[in-house]
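Below: one structure in structure tokens.
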Amino acid sequence: MATVRSISVQLRAEVANYIQGLTRARAATSDLVNELSKSEQQRANFEKLGHTLAIAGAGMAAGIGLAAKAAIDWESAWAGVEKTVDGTETQLAALEEELRAMARELPATHAEIAAVAEAAGQLGVATEDVTRFTRVMIALGETTNLTADEAATSIAQLMNVMGTAPEDVDRLAAALVELGNNGASTEREILEMAQRIAGAGAVTATAASGSPSW
């Protein structure tokens with residue numbers, strides 16, 4: 001009997017040990033599965049992060065490229081302004097800053113704004129008046145059938161003939177727009193007519209003064 005009891009106890013102990021071993025194995029297997037799941041999730045997260053970084057990097061590279069191109073384009077456009085506008089280094093630096101700021105306020109590119117400023121210099125607009133003149137011409141280009149360059153050339157010539165003060169350029173532009181909006185003629189036609197009348201008036205005034213017209 002003692003032998004049978006001893007065998008029974010031994011068997012129970014072995015079964016208990018076996019069950020404990022299974023329990024530990026199951027726990028270890030569960031831990032392994034959890035770790036593998038975590039690793040897979042981490043791998044997926046890393047792949048997602050890498051994809052996001054690649055997109056961000058491409059966007060940053062494109063942005064840097066566009067910024068570099070814009071800077072080069074501006075330097076080229078500004079060089080044209082410097083050729084026609086006379087002024088001290090301080091005046092030109094201030095003018096450049098004003099023109100670049102204008103591009104952030106008005107629906108025109110740096111190149112378009114610089115082109116008008118360059119034309120202003122060619123037409124004899126004083127350095128201190130270039131910013132105001134350019135702003136008005138850009139506005140006319142947006143609100144009339146004239147381009148900003150056309151408006152700059154025609155209005156500067158008209159102002160020279162009529163002796164219009166630079167500070168009155170916005171009033172002249174407003175009158176042009178008002179006539180265009182309320183008349184049967186376009187702004188271009190009105191401006192061409194005004195130039196002809198002003199030219200004829202200048203010739204008449206010269207003749208009346210007794211001075212030769214050539």
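Nothing here was measured: the structure is a model prediction, and the numbers come from that model.
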| Knowing that exactly one of I190, L172, T144 qualifies, which makes a side chain to side chain contact (heavy atoms under 4.5 Å, CB included) with V177? |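 Filter result, single survivor: T144.
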| side-chain contact (heavy atoms from CB on, under 4.5 Å) evaluation trace for Q195 with Q157 | CA-CA 8 Å; Q195 285 179 297; Q157 292 172 345; 3.0 Å; yes
| message | So which atom in A117 and which in L99 form the shortest heavy-atom distance, rounded to 0.1 Å? | response |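 That closest heavy-atom pairing would be CB-CD1, 3.7 Å.
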| With a 4.5 Å limit on heavy-atom distance, are the side chains of M102 and R135 in contact? |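 In contact.
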| request: May I ask you to decide if A156's main-chain N or O and N160's side chain share a donor-acceptor pair within less than 3.5 Å? | output: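 Yes: the side chain of N160 pairs with the backbone of A156.
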| Side-chain donor-acceptor pair present, E98, T131, cut-off under 3.5 Å |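 There is such a pair (donor and acceptor under 3.5 Å, judged by atom type) between the side chains of E98 and T131.
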| message | Can you confirm whether the side chains of E128 and Q91 place a donor and an acceptor under 3.5 Å from each other? | response |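 No, because no side-chain N or O of E128 sits under 3.5 Å from a partner of the opposite role on Q91.
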| Counting only N and O atoms by type, is there a donor-acceptor contact under 3.5 Å from the side chain of N182 to the main-chain atoms of E178? |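 Checked: pair present.
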| Ion pair D168/R171, N-O distance below 4.0 Å |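 Between R171 and D168 there is a salt bridge, with a charged N closer than 4.0 Å to a carboxylate O.
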| message | So W74 and T109, do their side chains get closer than 4.5 Å, heavy atoms only? | response |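 Side-chain contact under 4.5 Å: no.
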| Which heavy-atom pair separates G121 from V85 by the least distance, and what is that distance? | CA-CG2, 3.9 Å
| request: Answer yes or no: is there a side-chain heavy-atom contact under 4.5 Å between M137 and V169? | output: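 The answer is yes, as the side chains (C-beta and beyond) meet within the 4.5 Å cut-off.
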| task | Measure from the side-chain N and O atoms of E192 to the backbone N and O of E189, and report whether any donor-acceptor pair falls under 3.5 Å. | result |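 Between the backbone of E189 and the side chain of E192 there is no qualifying donor-acceptor contact (under 3.5 Å).
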| request: Locate the shortest heavy-atom distance separating A198 from V161; write the atom from each residue and the value. | output: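 Reported closest heavy-atom pair: O-CG1, 3.4 Å.
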| query | Ignoring hydrogens and geometry, is there a side-chain-to-backbone donor-acceptor pair from E142 to A139 under 3.5 Å? | reply |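 The answer is no, because no donor-acceptor pair under 3.5 Å joins these two groups.
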| note | Separation between CG (L140) and CG (D149), nearest 0.5 Å, reads 12.0 Å
| query | Are more than 12 heavy atoms from other residues, nucleotides or ligands located less than 6.0 Å from atom CD of E89? | reply |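 No.
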| request: Is it possible for you to say whether L123 and V116 belong to one hydrophobic cluster, with membership spreading through side-chain heavy-atom contacts below 4.5 Å? | output: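 Different clusters.
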| Heavy-atom closest contact (I113 atom, T134 atom, distance) | O-CG2, 3.7 Å
| task | Let me see the working for E96 and V81 under side-chain contact (heavy atoms from CB on, under 4.5 Å), right down to the final yes or no. | result | CA-CA 9 Å; E96 181 179 12; V81 178; over 6 Å; no
| Going from OG1 on T186 to CG on L146, what distance comes out if it is rounded to the nearest 0.5 angstrom? | 7.5 Å
| task | Please round to the nearest 0.5 Å and tell me the distance separating atom NZ of K83 and atom CH2 of W78. | result | 13.0 Å
| field | Contact summary for A108 and I138, nearest pair of heavy atoms | value |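 Shortest heavy-atom separation between A108 and I138 comes out as CB-CG2, 3.8 Å.
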| request: Measure from the side-chain N and O atoms of N145 to the backbone N and O of R188, and report whether any donor-acceptor pair falls under 3.5 Å. | output: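 Present.
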| Shortest non-hydrogen contact from A77 toward A111 | CB-CA, 4.2 Å
| message | Taking the side chain as everything from C-beta on, heavy atoms only, tell me whether L176 gets closer than 4.5 Å to I155. | response | yes
